[in-house]
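Here is the structure we will look at, set down as structure tokens.
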Amino acid sequence: MAEVTMDKIVSLCKRRGFIFQSSEIYGGLNGAYDYGPLGVQLKNNIRDAWWKEMIQLHDNIVGLDASILMHPRVWEASGHVSNFTDPMVDCKQCKSRFRADQIDLNAPCPVCGNKGTFTAPRNFNLMFATHIGADVDAASTIYLRPETAQGIYVDFKNVVSSSRVKVPFGIAQVGKSFRNEITTKNFIFRSCEFEQMEMQWFCKPGTDEQWFPYWREQRMNFYVNRIGIHPEHLRWHQHGPDELAFYAKDAFDIQFLFPMGWQELEGVHSRTDYDLTQHQKFSGKDMTYLDPETNEKYIPYVVETSAGLTRNVLMALSDAYDEEVVAEGDIRTVLHFHPSIAPVTVAVLPLVKKDGLAEYASKLEHELRDDFATYYDQSGAIGRRYRRQDEIGTPYCVTVDYDTMNDNTVTLRFRDSMEQVRVPVSELVATIKKATKDYKRV
Ligand code: ATP
């Protein structure tokens, strides 16, 4: 296995159209990224896998798509206006800015190397403020949401009264969040605009102690079994007393071994009734739940699973990346994506363009579109075309050759093993579906 560096990932992403720096022709905007043709497909596939896992495969979880702009009181109730801050320091010499909790203030500046040059830490609120309406004053200040979770809490009563959900149940949401991050290095790992996939599980106080380990197990299984991540690249980190929010009962993060080291991917947090209680206090509206069977009235406890979708994209790329020695002096770059998240599932390639092969292959590619994300490529030597697909993580290549014209069989090439088998066209869809179902990460 080759060493996976962030530089290699960034360069592949730009070269092959996964991810670009935002506003690049104007010099770029820090902390903002554009997902190109392959990147948006990869991101959507991960999002869809998560949505299916939550909404389709679990009992009692419903979806929501709350607005990014919310009433400013929401963020007072949640504590974000007063507490959602990072301590910030500047190097007086080179003016570089750092999060005080991420560097050693007694050590030399990591950028210019000068010692003792940091300003005193000052708190900096991470929410982006803007104004609604024509007047730009304090009364018109609103925020771009820094997390999707509050939209779920605020709509808790609407969902209970309009759907047939009963506690315990969950509300799941995917969407954009915004944080004015002080340091945005490490590519899309920490950006100012990003996407989250959050699920809040509402349960009876006391039962949270059973649900918390349940959701931890579910979430780890999701990454290993559905997204196909190497289990040895994932681990748990339990929040110590200094990390735990004052209202939280317990909190674990799933960490992934990113190119820069172990870092948080998702948080699974036991949040008690803190959020709903706060919204009850600030809105004056009743946030209790009436159990229709026992007639008990209570504010449910919440177990939250909170994952970064864009951070998941970086994980998928880092986990999949490899450079393999195929023969002496011949190295292929390959992304070993799980077939269910690969941007392209099947590439169809005519061996040569002439003698009707291109027409046959193009027709076949059209027929496969109903079942798979396909790609047609007829240019260049066949070996080069295979390598192009390896580099974007396409798990299957189908080659149409002269024999195809006689017997309606094609070559099916598997990305990971590079093994090639002959398959009748009539069995192609079933063969690919079976291979995807049986897929084992190398
Ligand atoms: P950190 O301490 O690293 O700033 P956090 O603990 O505040 O992050 P949460 O508020 O728990 O993060 O957010 C849940 C998830 O959302 C994180 O696990 C991460 O995957 C994702 N996330 C949070 N902030 C960002 C960001 N700036 N860019 C990309 N993803 C993010």
Side-chain angles (χ1 to χ4, degrees), residues 5-7 9-10 21-24 26-33 72 75-76 78-131 138 141-147 149-150 176-196 237-248 251 253 255-267 269 306 308 310-311 314-315 318:
T5 64
M6 196 64 95
D7 284 349
I9 303 276
V10 173
Q21 176 83 59
S22 160
S23 321
E24 201 185 80
Y26 290 99
L29 179 70
N30 266 347
Y33 293 91
W75 307 111
E76 289 172 32
S78 67
H80 283 82
V81 170
S82 45
N83 299 326
F84 196 52
T85 55
D86 278 340
M88 174 173 82
V89 292
D90 292 324
C91 169
K92 288 183 209 154
Q93 291 290 330
C94 71
K95 310 283 179 230
S96 296
R97 183 158 283 176
F98 305 95
R99 255 170 69 174
D101 57 331
Q102 288 180 344
I103 56 165
D104 176 0
L105 295 176
N106 298 316
C109 167
V111 174
C112 69
N114 285 302
K115 232 183 149 202
T117 62
F118 295 114
T119 58
R122 54 208 189 279
N123 276 339
F124 170 79
N125 195 297
L126 270 69
M127 283 199 293
F128 280 101
T130 185
H131 295 274
T141 300
I142 58 165
Y143 304 97
L144 301 187
R145 69 178 176 203
E147 61 174 40
Q150 297 303 323
K176 290 225 166 174
S177 295
F178 301 82
R179 296 182 188 181
N180 198 356
E181 299 280 3
I182 299 166
T183 44
T184 52
K185 55 183 195 268
N186 292 324
F187 198 34
I188 57 170
F189 175 79
R190 187 182 300 288
S191 44
C192 291
E193 175 176 343
F194 57 101
E195 281 176 77
Q196 290 184 307
H237 164 75
Q238 184 173 18
H239 285 208
D242 51 329
E243 293 168 279
L244 205 59
F246 70 90
Y247 52 82
D253 293 336
Q255 294 186 335
F256 173 76
L257 187 55
F258 286 97
M260 64 285 186
W262 288 101
Q263 294 283 346
E264 173 179 342
L265 172 74
E266 163 161 355
H269 302 158
S306 172
T310 41
R311 207 172 271 187
L314 183 60
M315 169 187 67
S318 318

What is the minimum heavy-atom distance between [X] and [Y], and which atoms define it?
| X | Y | value |
| --- | --- | --- |
| His239 | Leu244 | CB-CD1, 3.8 Å |
| Asn186 | Met260 | ND2-CG, 3.6 Å |
| Glu195 | Thr310 | N-OG1, 3.4 Å |
| His269 | Ala251 | CD2-CB, 3.4 Å |
| Ser318 | Phe256 | CB-CE2, 4.0 Å |
| Ser177 | Glu147 | OG-CA, 3.4 Å |

[Y] backbone acceptor or donor facing [X] side chain under 3.5 Å:
| X | Y | value |
| --- | --- | --- |
| Asn125 | Met127 | yes |
| Arg311 | Glu264 | yes |
| Ser191 | Glu193 | yes |
| Glu243 | Gly240 | yes |
| Asp253 | Gln255 | no |
| Arg99 | Val89 | no |
| Thr184 | Glu181 | no |

Side chain to side chain donor-acceptor pair (under 3.5 Å) assessment of Glu266 paired with Ser306
CA-CA 5 Å; Glu266 163 161 355; Ser306 172; over 6 Å; no

Might you work through the side-chain contact (heavy atoms from CB on, under 4.5 Å) test for Thr119 and Lys92, ending with a clear yes or no?
CA-CA 7 Å; Thr119 58; Lys92 288 183 209 154; 3.9 Å; yes

Rounded distance (nearest 0.5 Å) linking atom [atom1] of [X] with atom [atom2] of [Y]:
| X | Y | atom1 | atom2 | result |
| --- | --- | --- | --- | --- |
| Leu265 | Leu257 | CG | CG | 12.0 Å |
| Phe118 | Gln93 | CZ | CD | 11.0 Å |
| Ile182 | Arg190 | CD1 | CZ | 10.0 Å |
| Phe98 | Cys91 | CZ | SG | 6.5 Å |
| Asn180 | Leu126 | CG | CG | 6.5 Å |
| Asn114 | Cys109 | CG | SG | 7.0 Å |

Would you please indicate yes or no on a ring centroid separation below 6.0 angstrom for Tyr33 and Phe187?
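Between Phe187 and Tyr33, the centre distance is under 6.0 Å.
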
Verify whether the ring centers belonging to Phe258 and Phe189 lie closer than 6.0 Å.
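For Phe258 and Phe189, the ring centres are under 6.0 Å apart.
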
Take Phe194 and Ile188 through the side-chain contact (heavy atoms from CB on, under 4.5 Å) test and state the conclusion after the steps.
CA-CA 8 Å; Phe194 57 101; Ile188 57 170; over 6 Å; no

Start with the C-alpha gap between Asp90 and Lys95, add the side-chain angles, then the distance that decides, and say whether side-chain contact (heavy atoms from CB on, under 4.5 Å) holds.
CA-CA 6 Å; Asp90 292 324; Lys95 310 283 179 230; over 6 Å; no

Indicate yes or no: at least one non-hydrogen side-chain atom of [X] is less than 4.5 angstrom from one of [Y].
| X | Y | result |
| --- | --- | --- |
| Phe128 | Pro146 | no |
| Leu314 | Met6 | yes |
| Thr5 | Pro259 | no |

Worked verdict on His131 versus Ile142 for side-chain contact (heavy atoms from CB on, under 4.5 Å):
CA-CA 6 Å; His131 295 274; Ile142 58 165; over 6 Å; no

Start with the C-alpha distance between Asp86 and Arg122, add both sets of side-chain angles, then the distance that settles salt bridge (charged side-chain N to carboxylate O under 4.0 Å, His left out), and finish with yes or no.
CA-CA 8 Å; Asp86 278 340; Arg122 54 208 189 279; over 6 Å; no

Tell me whether the count of non-hydrogen atoms from other residues, nucleotides or ligands lying under 6.0 Å of CG in Asp101 goes above 12.
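More than 12 within 6.0 Å, yes.
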
